[in-house]
Amino acid sequence: MPEGDTIHKTAARLAPVLNDKVVAEFRATRLAIRGPVAGTAIELVEAVGKYLLVHFGDGTTLETHMKMSGSWHIYKSGERWRRSPQSARVVIETTEGWTAVCFSANHVKLSARTTGPVHLGPDLCSENPDLAKAAQLFATSNAATPIAVALLDQRICCGVGNVYKSEVLFACRIHPERPVESVSMKQRTMLVETAHRMLRANLDAGPRTTVPEGLAVYGRKGLRCRQCEDHVRSGYHGDHARSTYWCPSCQQM
């Protein structure tokens, strides 16, 4: 599943070819309502957490979530697509000669205008998220929930995926399996502040980094910790067995 910074980068790529443009044709499969007709203005593309939203002048909003397999592509009209047309979930052609295609997204919804899914917590990729609210929302988790699982709960704060979960917990020296009830409010605040800082630092193009060498622990199982002589470990947490990396010496239970 893409991290929040990936979706924000996607929105930034789509914005120049869709914002303030005009629909020439809109095609989508399995939508509950009819899509925007030719001549409809495209008002704004934005990312909200891990959701990408396209707002149209007819008062509708297209909502997509990439999950593990989805992606948005941009083509000049007539250009050959790099993926099979059979996997296209949404096609937006503009009168200005651009085509935006959403491939293989698990979640595609068109509905009346929205500012984003109402069930989401503060978007840590945004400039000024309500970090105090996010820290407080950890209390909505079951007390025994591992903090690694709670950090991925988009109802608490959105934008964090497996990479940032691991990197943030390492930076804050918190073991991923510690139950939420044992993580103090000060530590919860530190977690969301650190996640916000890391996500914002990676919104521009370029490789994702959280430390000068690249990543501190993610993807480094068996390698030496960058802070001590121990070896990075990995494991799986939550109902969906999401991968987590940590240093057992720097992040003790």
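Predicted model, so just to flag it, every value in this text is computed and none were measured.
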Given side chain to side chain contact (heavy atoms under 4.5 Å, CB included), test Glu63 with His65 step by step and report yes or no. CA-CA 7 Å; Glu63 178 182 298; His65 194 302; over 6 Å; no
Rounded distance [0.5 Å steps], CZ in Arg155 versus OG in Ser141: 7.5 Å
So, the side chain of Tyr75 versus the backbone of Arg82: is there a donor-acceptor pair under 3.5 Å, distance only? yes
With side chains defined as the heavy atoms from C-beta onward, is the minimum distance between Val22 and Ile42 less than 4.5 Å? no
Tell me whether Lys21 contacts the main-chain N or O of Asn19 through its side chain, where contact means a donor paired with an acceptor under 3.5 Å. yes
Is it the case that the side chains of His8 and Asp123 hold a donor-acceptor pair, with the cut-off being a distance below 3.5 Å and no angle test? yes
Check step by step if side chain to side chain contact (heavy atoms under 4.5 Å, CB included) holds for Leu191 and Ile147. CA-CA 10 Å; Leu191 286 170; Ile147 190 64; 3.9 Å; yes
For Thr194 and Ala171, the nearest pair of non-hydrogen atoms, with its separation, is CG2-CB, 4.0 Å
Closest non-hydrogen atom pair, Ala11 against Leu52: N-CD1, 3.8 Å
Would you say Asn106 and Ser69 are linked by a side-chain donor-acceptor pair, where the criterion is simply a distance under 3.5 Å? yes
Please tell me if the side chains of Val17 and Thr99 come closer than 4.5 Å, counting only heavy atoms from C-beta onward. no
Separation of Leu203 CG from Cys125 SG (nearest 0.5 Å): 5.5 Å
Indicate whether the side chain of Gln252 and that of His175 have a donor and an acceptor atom separated by less than 3.5 Å. no
So which atom in Thr95 and which in Val23 form the shortest heavy-atom distance, rounded to 0.1 Å? CG2-O, 4.1 Å
Looking only at heavy atoms, the pair that brings Pro176 and Pro146 closest together is O-CB, 3.6 Å
Within the 4.5 Å heavy-atom criterion, are Leu215 and Tyr245 side-chain neighbours or not? no
Distance to the ring centre below 6.0 angstrom and angle to the axis at most 45 degrees; does that hold for Arg173 and Phe170? yes
Heavy-atom count check: over 12 atoms from other residues, nucleotides or ligands less than 6.0 Å from Lys76 NZ? yes
Applying side chain to side chain contact (heavy atoms under 4.5 Å, CB included), run through Leu124 and Leu131 and close with a yes or a no. CA-CA 8 Å; Leu124 300 187; Leu131 297 179; 3.6 Å; yes
Please check if Leu152 and Val192 belong to a single hydrophobic cluster, counting links between Ile, Leu, Val, Met, Phe, Trp and Tyr side chain heavy atoms closer than 4.5 Å. yes
Within the 4.5 Å heavy-atom criterion, are Lys165 and Arg242 side-chain neighbours or not? yes
Honestly curious: do Leu14 and Val91 fall in one hydrophobic cluster under the side-chain, below-4.5 Å linking rule? no
Would the distance check show the side chain of Arg220 and the main-chain N or O of Arg224 forming a donor-acceptor pair, the cut-off being under 3.5 Å? yes
Students often mix this up, so state it plainly: with edges at 30° and 60°, are the rings of Phe103 and Trp81 parallel, tilted or perpendicular? perpendicular
Report yes if some heavy atom in the side chain of Lys133 is under 4.5 Å from a heavy atom in the side chain of Cys157; otherwise report no. no
Test item: Thr140 and Phe138 side chains (from C-beta on) under 4.5 Å apart, heavy atoms: no
Output the distance between atom CE (Met253) and atom CD (Glu177), rounded to the nearest 0.5 Å. 6.0 Å
Quick one: closest heavy-atom pair of Ala216 and Glu167, and the distance? N-OE1, 2.6 Å
Identify the heavy atoms of Ser182 and Gln187 that sit nearest to each other, and give their distance. O-OE1, 3.9 Å
Hey, is the main chain of Gly214 close enough, under 3.5 Å, to the side chain of Thr209 for a donor-acceptor pair? no
When you compare the side chain of Trp98 with that of Glu93, does any pair of heavy atoms fall below 4.5 Å? no
His231 and Lys221, any side-chain heavy atoms less than 4.5 Å apart: no
Quick check against the 3.5 Å criterion: does Glu213 have a side-chain atom that pairs as donor or acceptor with the backbone of Arg226? no
Pair Phe26, Arg34 - check side chain to side chain contact (heavy atoms under 4.5 Å, CB included), show working. CA-CA 9 Å; Phe26 180 97; Arg34 181 184 179 187; over 6 Å; no
If hydrophobic clusters are built from ILVMFWY residues whose side chains come within less than 4.5 Å, do Val108 and Trp72 share one? yes
Roughly how far, to the nearest 0.5 Å, is the OG atom of Ser166 from the CG atom of Leu151? 9.5 Å
With rounding to the nearest 0.5 angstrom, report the CG to OG1 distance, Asp153 to Thr145. 8.5 Å
What about Val168 and Val183, same hydrophobic cluster or not, with Ile/Leu/Val/Met/Phe/Trp/Tyr joined at side-chain heavy-atom distances under 4.5 Å? yes
Say you draw a straight line from OG1 of Thr6 to NZ of Lys50; how long is it, rounded to the nearest 0.5 Å? 9.0 Å
Within the side chain of Arg188, is there an N or O that forms a donor-acceptor pair under 3.5 Å with the backbone of Ala134? no
Regarding Arg83 and Ser71, do their side chains bring together a donor and an acceptor under 3.5 Å, going by distance alone? yes
Can you hop from Val45 to Val90 via hydrophobic side chains spaced under 4.5 Å? yes
Residue Arg27 excluded, over 12 heavy atoms near CZ under 6.0 Å: yes
